[in-house]
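Please read the structure below before turning to the comments.
Every chain is numbered from 1 and lettered A, B, ... according to where its sequence line falls, protein lines coming before strand lines. Remember, predicted model here, so these are calculated numbers, not experimental data. Only heavy atoms go into these numbers, but all of them, side chains included; no hydrogens, no water, no symmetry mates.
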Protein chains: 2
Amino acid sequence: MPELPATRERILDAAEHAFMAHRYEGASMRQITGEAGVNLAAVNYHFGNKESLLHAVLKRRLDGLNQERLRVLDELEAAAAGAPLKPSQIVDAFFGTLLRMGAEPGGDTFMRLLGRILTEPAEFISVVLAQEYADVLERFKQALFHALPDVPREEIVWRFHFMLGATSYAIAGTDALRLVTDWQTEAADDGTDRLLPRLMSFLLGGLRAPLPEPPAKPKQRSRRKTP
Amino acid sequence: MPELPATRERILDAAEHAFMAHRYEGASMRQITGEAGVNLAAVNYHFGNKESLLHAVLKRRLDGLNQERLRVLDELEAAAAGAPLKPSQIVDAFFGTLLRMGAEPGGDTFMRLLGRILTEPAEFISVVLAQEYADVLERFKQALFHALPDVPREEIVWRFHFMLGATSYAIAGTDALRLVTDWQTEAADDGTDRLLPRLMSFLLGGLRAPLPEPPAKPKQRSRRKTP
DNA sequence: GCCGGGGTCAAACAACTGTTTTAATCATAC
DNA sequence: GTATGATTAAAACAGTTGTTTGACCCCGGC
């Protein structure tokens with residue numbers, strides 16, 4: 001193969017960093033191309049437009065991440081031989097694989113980018129992520145359904161949603177919420193190796209929490225809320 | 001008092017909606033003033049600049065919310081007479097009060113705005129929220145410290161962080177993650193009255209989860225990770 | 001030699017950004 | 001009535017945005 005075009009990768013790296021630092025709309029093409037050391041028109045030449053650039057940035061890492069997630073899940077299910085998995089195994093295969101990717105060189109900036117981009121209101125991002133995530137999310141949902149047969153599926157979907165939110169904040173709001181919670185004295189710079197077990201125990205505790213009382217039947221307890 | 005200037009409130013309402021829909025940088029002054037039906041220069045006349053407008057939008061609701069949160073906490077602590085509160089009481093006073101504010105007319109758009117704005121990388125927003133949140137967050141942290149005396153304080157701070165993330169996603173990502181998790185069939189439009197008990201049980205489960213094993217001592221298990 | 005095309009470059013494009021300016025309008029006080 | 005201060009109006013401000021243009025370079029094939 002001929003020498004790989006270095007500018008494409010440099011644009012992707014710079015864009016990943018800029019999108020992480022300033023979000024999609026806040027990161028300008030001139031910032032990205034300036035940081036990459038390439039011409040302004042290079043990104044339009046190689047990627048078409050800004051949207052496709054973000055798509056390429058996400059796809060570059062998400063492909064590998066989701067492949068790895070499915071591989072781990074396949075391995076677990078093969079070892080279980082039909083028996084339902086433990087919830088902790090599934091949660092670790094999904095969220096643990098994500099967080100461990102942050103330990104790789106350069107993976108931390110992408111993790112923070114991912115955490116921030118999930119709340120973007122731009123529609124095309126959601127569409128991209130839906131395409132990227134659809135199959136793997138379905139697989140993990142089914143695995144959780146089998147692992148927790150006595151929990152209503154609707155409840156599992158909700159809790160999966162909550163777990164996504166907690167994880168996203170944990171990796172994205174590293175500096176945003178540091179101001180809010182002002183814990184500069186405690187637990188500031190002890191990397192992600194401590195974050196992983198903390199987050200995992202929180203997620204599992206939430207996932208296996210006792211079910212909320214069925215809401216629409218107020219005949220058991222007649223507790224009225226501030227009438 | 002003279003007739004309250006209607007344009008100020010209309011600007012605030014329109015800005016709240018626009019900031020919720022397009023975030024801070026994505027919402028333009030012309031969108032806001034156009035939606036409010038006022039002149040473009042009106043916002044600069046009444047608020048100075050765009051940053052101060054966002055500050056006013058947040059302050060208008062956060063003041064009442066935090067006052068209510070502190071009031072509920074005061075009431076609980078007065079009723080307990082020195083005894084530590086139950087964690088569920090504290091969590092409900094903080095997050096339940098927030099979610100119940102979403103049930104008020106117009107409160108839902110602000111809740112979604114709040115959930116999205118917390119991950120903004122712009123510094124001044126974090127500064128504003130730090131000023132706004134500092135005292136109430138400290139009060140609730142202390143309450144949790146007393147309620148969970150055998151849990152390390154560092155761990156409580158982390159889990160408070162996780163709870164913030166899960167809540168933020170639950171209220172902000174109503175449409176963003178609906179695409180990802182494609183649950184259009186299930187639990188789409190049964191308002192926030194069902195969300196509250198679901199989220200509360202998840203948060204409490206995560207808050208009271210068993211502590212993670214102390215991480216920095218790898219002499220117990222010699223499991224090496226993919227050498 | 002020359003030709004062709006992938007890649008880079010500076011420059012300009014139209015559209016949009018937040019903000020300011022200046023004039024016009026309004027209600028109220030004298 | 002006029003004067004006064006607060007609000008609104010249209011227009012222009014300087015700057016940035018993403019994208020496009022057309023010339024330019026370089027390198028392998030003929």
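Rounding to whole angstrom units, CG of residue A:N39 and P of D:dC24 are separated by 16 Å. Rounded to a whole Å, the OH atom of A:Y45 is 15 Å from the C1' atom of D:dA23. One atom, CG of B:L53, and another, P of C:dT17, lie 15 Å apart when rounded to the nearest Å. If you measure from atom CG of A:L40 to atom P of D:dT19, you get 10 Å, rounded to the nearest angstrom. Look at NZ on B:K50: it is 15 Å from P on C:dT20, rounded to the nearest Å.
For the pair A:R69 and A:F94, the distance from NZ or CZ to the six-membered ring centre is under 6.0 Å and the angle to the ring normal is within 45 degrees. With a 6.0 Å cutoff to the six-membered ring centre and a 45° limit on the axis angle, A:K50 counts as a cation-pi contact of A:Y24.
For B:R30, the listed nucleotide lying nearest its side chain is C:dG18; candidates were C:dA12, C:dG18, D:dT7. Relative to the side chain of B:N49, the nucleotides C:dT19, D:dG18, D:dT19 differ in distance, and C:dT19 lies closest. If you check C:dT20, D:dT19, C:dT19 against the side chain of A:M29, the one that comes closest is D:dT19.
Taking 4.0 angstrom as the limit, B:H46 places a side-chain polar atom (N or O) nearer than this to OP1 or OP2 of D:dT8. Of the side-chain N and O atoms in A:T7, one or more sit less than 4.0 angstrom from OP1 or OP2 of C:dT8. Residue A:N44 places no side-chain N or O under 4.0 Å from the OP1 or OP2 atom of D:dG18.
Using cut-offs of 30° and 60° for the angle between ring planes, the A:Y169 and B:H161 rings count as perpendicular.
Side-chain contact, B:Q31 with B:E35: no donor N or O sits under 3.5 Å from an acceptor N or O.
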